[in-house]
Amino acid sequence: MSVSLKPLKGFRDFLPETCAVRNYIFACWRSVAGRYGFSEWEGPVLEPTDLYRKKSGDEITAQLFNFEDKGEREVAMRPELTPSLARIVAREGRAFKKPLKWFEIGQCFRYEAPQDGRLREFYQFNCDIFGEASPAADAELVALAVDLVRELGFSPDEVTVRLSDRAAWVRFAEEAGLTDDRVTEFLQIIDKMERAKEETPAKLEALGISMEKVEAFMADPSGASEAIGAVVEDLTARGMADYITVDLGIVRGLAYYTGVVFEVFDKKLGKRAVAGGGRYDDLCELIGGRKAAMPACGFAMGDVVIASLIELTPKANAKLTEFLSKEYAPDAYVVVAAEERRADALALVQKLRTAGLRVDYAMVKTKIPKQFQAAEYLQARAAVVVGDSYPTVQVKRLADRSETEIAESALISTLEALRDPDLPPGTLLA
RNA sequence: GUGGUCGUAGCUCAGUCGGUAGAGCCCCGGAUUGUGAUUCCGGUUGUCGCGGGUUCAAGUCCCGUCGAUCACCCCA
């Protein structure tokens, strides 16, 4: 009986091509987080199930990859990164100067039905600021999110950050006379409003709130929340206003959010949210007790939706291609044109590699056309032909087939020059 | 958990009224013995997802089942 060759439902095999795309996304995440002064951390993939129960309630365990370990502990694969972070900060946060700005890239797991933009395994990029209650911290995060989508090649026509404030809705609900337990219910109705237009008025009536009043509230976001105003002002000063849409329709599902919340969406393709986050000032206390209380905000971006958006957006896709060519394509493929020169070719290969160039070659005797095919298949920038005229070698730029003969000693500088993607065609024509 | 669609070669798919399975791509070899894009010639590749039923005969019709995918639910 043979084993299934497919990965488990909702899991992925990262073959070199998709692995490279994943690494590109990671590289953008790291680069932007670094520019914003965030430090990278990493937590465990497996946590006690209670960590997630405590935060989100029992209903969430239905979508957890959880089991009992051999020590009879209830454990769960992490479905997100924030609880681990809150746990760590509750325990060790005092040792760090505030504000604390940390990010993590981690694989997460959720036992759900896979569909477009959603798998059972995915990577999340998580950015958090602890110890700063001012909207300036929320703005810093939104700015980071904006720079992230910019870095990936998206314009304000393609992507927007929808900005809202959960606290404004809580005040609205309280003024309408709702008791605490009804507020959560109310927030869920608002959250679903966009998807369930028809049922919303009736649901609101059941709570004694009119649709008209809700619509009037949403129509004037500036009056609804000072925090939103402060964040918008901050982002305008940064020149990012064109990426921002104030939209009180964003509430964010269940959860622990206490103030400003935001989600990043594409404008044209109607995919699910690319990223989302907000302020969660109560979570540290909830997990670590009164002594751990600390204001906090954060957001996360998954790799799945953003990867499909990159694929479908020409400019973003071009940036990806440029990165792949720069980071992965061999600088040279050494063609062994005369087998008796193999020792010289090997010496040359190692010399180039030591100089930091990416170099490949055929390990065993191979017909020359095959070697060129291999070079092209690997998208090498140049073929270096080692033959009878060694130490003079032939360098051929594969993109335009221009070629020249040079001394082996001049090879490194020539190959380094070929790395420049803007080099005009025919450069090597002797 | 519920529903729609789809499962045929490594990949993308065609397959009419039920009549004994095909194309393109890929791959391999050759035209071309020291130079990769085109072209031409030749070649390999099948549990038609699986199980049952109807029939002289099933890739095709029926039932079941598994898988993929999309949507609902949920979305931390």
Side-chain angles (χ1 to χ4, degrees), chain A residues 2 4-11 15 47 51-65 76-86 106 108-120 122 124 126 128 188 191-192 194-196 199 250-257 261 263 270-278 280 283 286 298-302 304-305 308 333-341 362 365-390 393-403 405:
Chain A
S2 66
S4 166
L5 300 179
K6 285 185 290 193
L8 284 174
K9 185 199 281 283
F11 284 74
L15 272 53
E47 290 274 15
L51 181 64
Y52 304 112
R53 254 193 216 118
K54 192 155 193 175
K55 192 195 96 178
S56 324
D58 274 337
E59 75 272 25
I60 220 67
T61 51
Q63 284 161 4
L64 236 37
F65 263 98
M77 309 281 282
R78 62 184 175 199
E80 56 162 332
L81 304 173
T82 308
S84 296
L85 179 58
C108 299
F109 306 86
R110 297 179 189 173
Y111 199 89
E112 296 184 288
Q115 51 194 273
D116 189 25
R118 192 168 82 180
L119 300 167
R120 288 183 169 184
F122 54 94
Q124 256 192 5
N126 210 84
D128 297 270
Q188 275 172 7
D191 185 41
K192 280 175 193 157
E194 204 172 323
R195 280 164 290 174
E199 302 101 84
I250 298 293
V251 180
R252 303 224 11 103
L254 332 275
Y256 44 87
Y257 289 106
V261 289
E263 291 188 349
K271 300 266 180 193
R272 62 184 67 228
V274 174
Y280 52 96
L283 185 62
L286 179 70
F299 82 97
M301 176 182 283
V304 181
V305 176
S308 75
Y333 191 96
V334 172
V335 172
V336 184
E339 196 54 28
E340 60 274 20
R341 291 293 186 181
K365 183 177 180 181
T366 306
K367 287 182 179 172
I368 288 175
K370 297 290 169 208
Q371 296 190 60
F372 273 91
Q373 277 168 13
E376 181 158 288
Y377 177 79
L378 295 168
Q379 298 184 293
R381 261 178 278 281
V384 175
V385 182
V386 174
D388 294 332
S389 56
Y390 189 85
V393 296
Q394 200 176 58
V395 180
K396 191 161 181 176
R397 194 185 188 199
L398 292 174
D400 59 16
R401 302 187 159 207
S402 59
E403 59 182 80
E405 295 207 343

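Within every chain, numbering begins at 1; the chains are lettered A, B, ... in the order of the sequence lines, protein sequences first and strands thereafter.
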| Glu199(A): what forms a side chain to side chain contact (heavy atoms under 4.5 Å, CB included) with it, not counting sequence neighbours? |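 So Glu199(A) forms a side chain to side chain contact (heavy atoms under 4.5 Å, CB included) with Ala196(A), Lys203(A).
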| Tyr111(A): side chain to side chain contact (heavy atoms under 4.5 Å, CB included) partners, not counting sequence neighbours |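 If we apply the side chain to side chain contact (heavy atoms under 4.5 Å, CB included) test to Tyr111(A), skipping adjacent residues, the hits are Phe65(A), Arg120(A).
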Counterpart residues, salt bridge (Lys or Arg N to Asp or Glu O under 4.0 Å), relative to [X] (two or more places apart):
{"X": "Lys192(A)", "answer": "none"}
{"X": "Arg272(A)", "answer": "none"}
{"X": "Glu340(A)", "answer": "none"}
{"X": "Arg341(A)", "answer": "Asp344(A)"}

| task | Not counting sequence neighbours, list each pair that qualifies as a salt bridge (Lys or Arg N to Asp or Glu O under 4.0 Å) and has a residue in residues 372-381 of chain A. | result |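 For residues 372-381 of chain A, and leaving out neighbouring residues, the salt bridge (Lys or Arg N to Asp or Glu O under 4.0 Å) pairs sorted by first residue read Asp331(A)-Arg381(A).
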| query | Of all residues at least two apart in sequence or in a different chain, which pass the ring-ring contact (aromatic ring centres under 6.0 Å, His included) check with Phe299(A)? | reply |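 In terms of ring-ring contact (aromatic ring centres under 6.0 Å, His included), with neighbours along the sequence ignored, Phe299(A) is linked to Phe262(A).
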| message | List the residues meeting ring-ring contact (aromatic ring centres under 6.0 Å, His included) with Tyr390(A), not counting sequence neighbours, and say none if there are none. | response |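 Tyr390(A): no ring-ring contact (aromatic ring centres under 6.0 Å, His included) contacts found.
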Name the pairs: protein N/O against N/O of nucleotides 37-39 of chain B, kept only if under 3.5 Å.
unit_1, atom_1, unit_2, atom_2, d
rA37(B), N7, Arg401(A), NE, 3.0
rA37(B), N7, Arg401(A), NH2, 3.3

| request: Using the criterion of both pairing distances under 3.5 Å for Watson-Crick and G-U wobble pairs, give all stems of 3 or more consecutive pairs involving RNA chain B. | output: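 Listed by first number, the stems are B:1-7 with B:66-72, B:10-13 with B:22-25, B:27-31 with B:39-43, B:49-53 with B:61-65.
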Each nucleotide N or O in nucleotides 67-72 of chain B that has a protein N or O under 3.5 Å away: list the pair and distance.
unit_1, atom_1, unit_2, atom_2, d
rG67(B), O2', Lys6(A), NZ, 2.9
rA68(B), OP2, Lys9(A), NZ, 2.9
rC70(B), OP2, Asp116(A), N, 3.4
rA71(B), OP2, Asp116(A), N, 3.2

